[in-house]
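Index from 1, following the sequence. Atoms within a ligand are numbered from 1 in the order they appear, just like the ligands themselves.
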Amino acid sequence: VNIPVQLGPRSYRIVVEVGALDRVGALLADLDVGRRAALISDPAVTRLYGERVLASLSGAGFSVTPVQVPEGEGAKTLAVAEASWDALLTAGLDRSSTVLALGGGAVGDVAGFVAATYMRGINFVQIPTTVLAQVDASIGGKTAIDHPKAKNVVGAFHQPRLVVSDPAIVRTLPDREFRSGLAEMVKHGVVLDASYFAELERDAPALCVRDLPALESAIAGSCRLKAGVVERDEREAELRAALNYGHTIGHALEAATSFGRWTHGEAVALGMTAEARLAGRLGVATNDTVSRQERLLIALGLPVRATTVNVEGVLQAMGHDKKARDGRVPFVLSPALGHFQIVRDVKQEDVRAVLETLVESGSHG
Ligand SMILES: NC(=O)c1ccc[n+]([C@@H]2O[C@H](COP(=O)([O-])OP(=O)(O)OC[C@H]3O[C@@H](n4cnc5c(N)ncnc54)[C@H](O)[C@@H]3O)[C@@H](O)[C@H]2O)c1
Ligand SMILES: [Zn+2]
């Protein structure tokens with residue numbers, strides 16, 4: 001499947017296909033780029049997929065320098081970016097060269113940042129290897145490293161020239177990592193497309209066992225939805241804000257538990273559960289809209305309960321949200337599947353009430 005992303009002179013395509021990993025070289029050769037490239041990856045992903053990508057690239061005539069970065073969030077530091085710039089210079093990469101990111105969102109973010117800044121920006125190709133990276137992080141051109149005081153605060157917009165997503169790659173992910181990515185798919189369905197949501201409902205059992213046709217279809221569908229948002233709104237504004245669904249409460253849950261208790265996707269699943277209930281409580285959404293979301297999350301093995309969470313701590317974390325004003329944050333709510341609405345005047349007592357339901361529903365099964 002080929003998904004075009006129309007951004008004028010920065011247009012590119014997302015290729016979603018089982019086996020696409022072996023076509024990276026040929027796909028890159030179709031672009032007008034130089035022969036030198038750097039392949040940025042982490043040790044775990046390199047062990048699993050490094051050789052195949054290198055073989056594909058050298059088979060297509062590219063001379064590739066492998067660059068290793070640490071696994072996970074530890075890759076997103078200035079020191080890692082600096083070591084990568086060093087490696088690019090040593091290998092003689094020039095303005096016509098390409099940086100390829102092979103890994104999850106963390107590798108994609110730091111490699112994208114390196115590509116955005118090296119010689120004021122060179123060609124960048126994403127080969128995302130987690131569900132989250134395939135359906136979310138690799139699309140949209142956001143690149144970043146972390147600051148010791150805050151995540152993602154140093155970065156640049158830099159669109160890739162190409163994204164290659166091979167659904168078979170995500171079959172080697174640990175279970176929690178895999179399911180976490182599915183939460184972002186659910187998010188896309190809830191706020192953007194009711195028929196995509198229904199596809200996820202129908203395919204939930206197949207997705208859980210990582211059936212390839214189901215994965216390919218769900219990943220491609222999600223990429224199409226996110227690409228559509230990015231096309232209409234390349235820099236953050238109202239439409240892109242829709243993609244924050246589940247994240248206002250989700251981020252606060254992560255922050256209140258020092259990012260150690262849930263994966264990002266699990267926190268987003270809880271956030272969507274709470275925000276769906278908030279929409280129900282405020283009379284914005286019907287019970288059916290609320291309960292279908294919970295049922296789908298459960299079917300995908302994602303949490304909808306947060307036993308023993310400190311509700312006041314979560315409310316406090318929400319007050320520190322970048323988008324907060326006078327302690328109130330705007331919420332993205334879904335009045336009906338496939339639709340969203342931004343609600344700015346939600347009372348704290350309503351947020352507290354839905355957070356309490358997340359905890360309560362844990363005490364009786
Ligand atoms: N730029 C954006 O728009 C955007 C959007 C969302 C998230 N992000 C960023 O993405 C990051 C999270 O990304 P993530 O969830 O992909 O996690 P990750 O990049 O931290 O990777 C998680 C782990 O999975 C391993 N792994 C990756 N692919 C694998 C595979 N196919 N098989 C086995 N193991 C594999 C990695 O080695 C790593 O240890 C965060 O830093 C977040 O800020 C960026
Ligand atoms: Zn997210």
Checklist entry - If you measure from atom 43 (O) of ligand 1 to every heavy atom of His247, Lys76, Lys151, which option wins on shortest distance? => result Lys76
Checklist entry - Of the protein's non-hydrogen atoms, which lies at the shortest distance from atom 29 (C) of ligand 1, and what is that distance? => result Leu173 CD2, 3.4 Å
Next on the checklist: Quick test of your reading of the structure: of Thr172, Asp136, Val135, whose heavy atom lies closest to atom 33 (C) of ligand 1?
Outcome noted: Thr172
Next on the checklist: How long is the straight-line distance from CG of Leu39 back to OG1 of Thr98, given to the nearest 0.5 Å?
Outcome noted: 11.5 Å
Checklist outcome for this item: the Zn ion (ligand 2) has as its nearest N, O or S atom from His247 the atom NE2
Checklist outcome for this item: Here the N/O/S atom of Glu184 closest to the Zn ion (ligand 2) would be OE2
Next on the checklist: Taking 4.0 angstrom as the limit and counting only heavy atoms of Glu71, give me the atoms of ligand 1 inside it, by number and element.
Outcome noted: 37 (O), 39 (O)
Item to check | Electrostatic pair Arg23:Glu17 at N-O distance under 4.0 angstrom | outcome: yes
Item to check | Non-hydrogen protein atom less than 4.0 angstrom from atom 5 (C) of ligand 1 | outcome: yes
Checklist entry - Which of these, Val230, Leu48, Asp109, Thr46, has its nearest heavy atom closest to atom 1 (N) of ligand 1? => result Asp109
Item to check | Residue portion contacting ligand 1 (non-hydrogen atoms closer than 4.0 Å) for Thr143 | outcome: neither
Item to check | Hphob cluster co-occupancy, Leu173 + Ile127, side-chain heavy atoms under 4.5 angstrom | outcome: no
Checklist entry - Which residue owns the protein heavy atom closest to atom 36 (C) of ligand 1, what's the atom, and how far is it? => result Asp42 OD2, 3.4 Å
Checklist entry - What about Pro174: any of its N or O atoms under 3.5 Å from an N or O on ligand 1? => result no
Checklist entry - If you count the atoms of ligand 1 from 1 in the order shown, which ones are under 4.0 Å from a heavy atom of Tyr49? => result 31 (N)
Item to check | Pair Ser41-Tyr49, side chain to side chain donor-acceptor pair (under 3.5 Å): steps then yes or no | outcome: CA-CA 10 Å; Ser41 191; Tyr49 304 108; over 6 Å; no
Checklist entry - Between Glu201 and Arg295, is there a salt bridge with N-O shorter than 4.0 Å? => result no
Next on the checklist: I'd like to know if Asp233 pairs up with Arg240 as an ion pair, taking the criterion as any Lys NZ or Arg NE/NH1/NH2 lying under 4.0 Å from an Asp or Glu carboxylate oxygen.
Outcome noted: no
Next on the checklist: Counting backbone and side-chain atoms alike, is an N, O or S atom of Asp136 positioned under 2.8 Å from the Zn ion (ligand 2)?
Outcome noted: no
Checklist entry - What do you reckon, does Thr129 have a nitrogen or oxygen under 3.5 Å from a nitrogen or oxygen of ligand 1? => result yes
Checklist outcome for this item: The option among Lys142, Gln134, Glu177 carrying the non-hydrogen atom nearest to atom 22 (C) of ligand 1 is Glu177
Next on the checklist: Any donor-acceptor pair under 3.5 Å linking the side-chain atoms of Ser97 with those of Tyr118?
Outcome noted: no
Item to check | Atoms in ligand 1 with a heavy atom of Glu73 nearer than 4.0 Å | outcome: 40 (C), 41 (O)
Item to check | Path from Leu88 to Val125 over hydrophobic side-chain contacts below 4.5 Å | outcome: no
Checklist entry - Under 4.0 Å from any heavy atom of Ala106, which atoms of ligand 1 are there? => result 10 (O), 11 (C), 13 (O), 19 (O), 20 (O)
Next on the checklist: What I want to find out is whether Lys76 reaches Glu73 closely enough, with some N-O distance under 4.0 Å, to be called a salt bridge.
Outcome noted: yes
Checklist entry - Is Leu212 linked to Val131 within one hydrophobic cluster, defined over Ile, Leu, Val, Met, Phe, Trp and Tyr using a side-chain heavy-atom separation of less than 4.5 Å? => result yes
Checklist entry - What protein heavy atom sits nearest atom 26 (N) of ligand 1, and how far off is it? => result Val45 CG2, 3.8 Å
Next on the checklist: Taking 4.0 angstrom as the limit and counting only heavy atoms of Ile169, give me the atoms of ligand 1 inside it, by number and element.
Outcome noted: 31 (N)
Checklist entry - Between the side chains of Thr263 and Arg176, does any donor sit under 3.5 Å from an acceptor? => result no
Checklist outcome for this item: Out of Ala133, Ser180, Gly105, Gly108, the nearest non-hydrogen contact to atom 10 (O) of ligand 1 is supplied by Gly105
Next on the checklist: Under a 4.0 Å threshold between the charged nitrogen and the carboxylate oxygen, would Glu216 count as salt-bridged to Arg171?
Outcome noted: no
Next on the checklist: Can you confirm if the NZ or CZ of Arg292 lies within 45° of the ring axis of Phe197 and under 6.0 Å from the centre of its six-membered ring?
Outcome noted: no
Item to check | Linked, directly or transitively: Val314 and Trp262 (ILVMFWY side chains, under 4.5 Å) | outcome: yes
Checklist entry - Between Gly72, Pro128, Ala137, which one has a non-hydrogen atom sitting closest to atom 2 (C) of ligand 1? => result Ala137
Checklist outcome for this item: Near Thr130 (heavy-atom distance under 4.0 Å), the atoms of ligand 1 are 14 (P), 16 (O), 27 (C), 28 (N)
Checklist entry - Just checking, is any N or O donor in the side chain of His247 or His264 under 3.5 Å from an acceptor N or O on the other one? => result yes
Checklist entry - Which one holds for Thr263 and ligand 1: side chain close, backbone close, both close, or neither close, with close meaning a heavy atom under 4.0 Å? => result neither
Checklist entry - What about Leu132: any of its N or O atoms under 3.5 Å from an N or O on ligand 1? => result no
Checklist entry - In terms of atom number and element, which parts of ligand 1 are under 4.0 angstrom from non-hydrogen atoms of Ala44? => result 37 (O)
